[in-house]
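Next up is a structure, given as structure tokens.
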Amino acid sequence: MLRVTDEISIEDWELTESFVRSGGPGGQNVNKVNTAVELRFEAERSPNLPGPVKTRLRRLAGRRWTKEGALVIQVSEERSQARNREIARERLAELIRRALVAPKKRRPTRVSLNQKRKRVEAKKRRGEVKALRGSVGED
């Protein structure tokens, strides 16, 4: 079981881990040991996540979200399978924590009439200064 917050935890049946050979450093070991981990979380079917959280999670996941409604996290940073597994679980928990935070409602605001007036006056003053820069006329 993966604990995300005090209220939310993910059961083991919702997670599927598969291990594959990892590229990168590792010497002769790299061709023999399956160290990279692919963590699959069945988010759409999860009873532990509320609907709005699933929607935000889908948006945050981006390309990692599959058509079936699963979230796939791939990690091959470390040479140790156990460490890669920990990193994948941490990333999943962090992503879910970010999805738990509801965005603030945007309140539409207006520019005050006084600010509009000041802006127009400043533009007029600037225009007068530029107009006075013309060529000197004959006296």
Side-chain angles (χ1 to χ4, degrees):
M1 182 163 64
L2 175 66
R3 205 138 184 82
V4 179
T5 63
D6 292 335
E7 301 87 33
I8 295 179
S9 59
I10 296 167
E11 301 299 326
D12 290 332
W13 68 266
E14 299 176 82
L15 298 174
T16 311
E17 292 172 332
S18 59
F19 301 97
V20 291
R21 288 196 186 112
S22 175
Q28 295 172 346
N29 209 33
V30 79
N31 297 324
K32 297 185 288 189
V33 183
N34 295 333
T35 54
V37 67
E38 185 179 88
L39 181 70
R40 185 180 179 90
F41 170 53
E42 300 296 333
E44 202 65 55
R45 298 188 313 162
S46 176
N48 300 321
L49 294 180
V53 174
K54 288 179 187 176
T55 307
R56 287 193 293 268
L57 185 61
R58 182 184 299 126
R59 194 178 69 245
L60 285 170
R63 288 176 36 224
R64 295 174 289 189
W65 191 270
T66 66
K67 289 176 186 167
E68 298 86 41
L71 176 64
V72 179
I73 296 175
Q74 294 173 328
V75 179
S76 61
E77 292 172 7
E78 301 286 331
R79 287 174 61 177
S80 160
Q81 187 184 76
R83 183 68 187 121
N84 280 336
R85 194 170 172 232
E86 284 177 29
I87 292 170
R89 286 173 167 258
E90 288 168 13
R91 283 188 189 167
L92 175 62
E94 182 55 37
L95 204 59
I96 294 172
R97 277 189 215 106
R98 282 177 46 206
L100 286 170
V101 178
K104 289 183 182 176
K105 275 263 192 204
R106 185 190 174 278
R107 289 204 181 108
T109 57
R110 285 178 51 189
V111 180
S112 68
L113 291 173
N114 192 39
Q115 287 298 323
K116 285 183 182 177
R117 185 183 50 76
K118 282 183 181 177
R119 183 180 62 85
V120 171
E121 281 179 13
K123 284 169 74 89
K124 280 183 182 172
R125 258 181 280 144
R126 189 77 188 134
E128 288 170 6
V129 168
K130 287 185 173 190
L132 292 173
R133 284 188 192 154
S135 58
V136 178
E138 290 181 36
D139 287 342

Q: Any salt bridge (Lys or Arg N to Asp or Glu O under 4.0 Å) involving residues 62-71? Give me the pairs, sequence neighbours left out, ordered by first then second residue.
A: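 Residue pairs passing salt bridge (Lys or Arg N to Asp or Glu O under 4.0 Å), neighbours aside: Arg40-Glu68.
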**Q.** With Arg125 via side-chain hydrogen bond (donor to acceptor under 3.5 Å, both in side chains) - residues at least two apart
**A.**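 Scan of Arg125 (side-chain hydrogen bond (donor to acceptor under 3.5 Å, both in side chains), adjacent residues dropped) gives none.
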(Q) I'd like to check the side-chain hydrogen bond (donor to acceptor under 3.5 Å, both in side chains) partners of Arg83; sequence neighbours left out, ordered by chain and number. (A)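 Once residues adjacent in sequence are excluded, the partners of Arg83 under the side-chain hydrogen bond (donor to acceptor under 3.5 Å, both in side chains) criterion are Glu86.
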Q) Ala61 and Leu71: which non-hydrogen atoms are nearest, and at how many Å? A)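 Looking at all heavy atoms of both residues, the closest pair is CB-CD1, 3.2 Å.
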Q) Is there side-chain contact between Arg91 and Glu94, with heavy atoms separated by less than 4.5 Å? A)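 The answer is no, as the side chains (C-beta and beyond) never meet within the 4.5 Å cut-off.
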**Q.** Spacing of CH2 belonging to Trp65 relative to CG belonging to Leu60, to within rounding of 0.5 Å
**A.**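 Taking CH2 in Trp65 and CG in Leu60, the distance rounds to 10.5 Å.
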Q | Gap between atom CZ of Arg89 and atom CG of Asn84 - 0.5 Å precision | A |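 So the CG of Asn84 and the CZ of Arg89 are separated by 13.0 Å.
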Q) Excluding sequence neighbours, so at least two apart, what forms side-chain hydrogen bond (donor to acceptor under 3.5 Å, both in side chains) with Gln115? A)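 Applying side-chain hydrogen bond (donor to acceptor under 3.5 Å, both in side chains) to Gln115 gives none.
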Q | All salt bridge (charged side-chain N to carboxylate O under 4.0 Å, His left out) counterparts of Glu121, not counting sequence neighbours | A |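 Once residues adjacent in sequence are excluded, the partners of Glu121 under the salt bridge (charged side-chain N to carboxylate O under 4.0 Å, His left out) criterion are Arg117.
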Q: With sequence neighbours excluded, tell me which residues meet salt bridge (charged side-chain N to carboxylate O under 4.0 Å, His left out) with Arg126.
A: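 With neighbours one apart ignored, the set is empty.
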Q.
Does Leu113 have more than 12 heavy atoms from other residues, nucleotides or ligands lying within 6.0 Å of its CG?
A.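 Count not over threshold, so no.
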Q | Verdict with reasoning, Val37 to Gln74, per side-chain contact (heavy atoms from CB on, under 4.5 Å) | A | CA-CA 6 Å; Val37 67; Gln74 294 173 328; over 6 Å; no
Q. When you look at Leu95 and Arg98, which way does the side-chain contact (heavy atoms from CB on, under 4.5 Å) test go after all the steps?
A. CA-CA 5 Å; Leu95 204 59; Arg98 282 177 46 206; 4.1 Å; yes
Q | Student check: side-chain heavy atoms of Val72 and Leu39 closer than 4.5 Å | A |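 The answer is no; the side chains never approach within 4.5 Å.
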Q | Results of side-chain hydrogen bond (donor to acceptor under 3.5 Å, both in side chains) for Arg119 - residues two or more places apart only | A |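 Per chain and number, Arg119 pairs via side-chain hydrogen bond (donor to acceptor under 3.5 Å, both in side chains) with no residue.
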Q. Can you list every side-chain hydrogen bond (donor to acceptor under 3.5 Å, both in side chains) pair that touches residues 49-62, not counting sequence neighbours?
A.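 Every pair satisfying side-chain hydrogen bond (donor to acceptor under 3.5 Å, both in side chains) with a residue in residues 49-62: Glu44-Arg58.
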Q: Find the distance between CZ (Phe19) and CD (Glu38) and round it off to the nearest 0.5 Å.
A: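 The distance works out to 11.0 Å.
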Q. Measuring from Ile87:CD1 to Ile73:CD1, what's the distance to the nearest 0.5 Å?
A.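 Result: 11.5 Å between the selected atoms.
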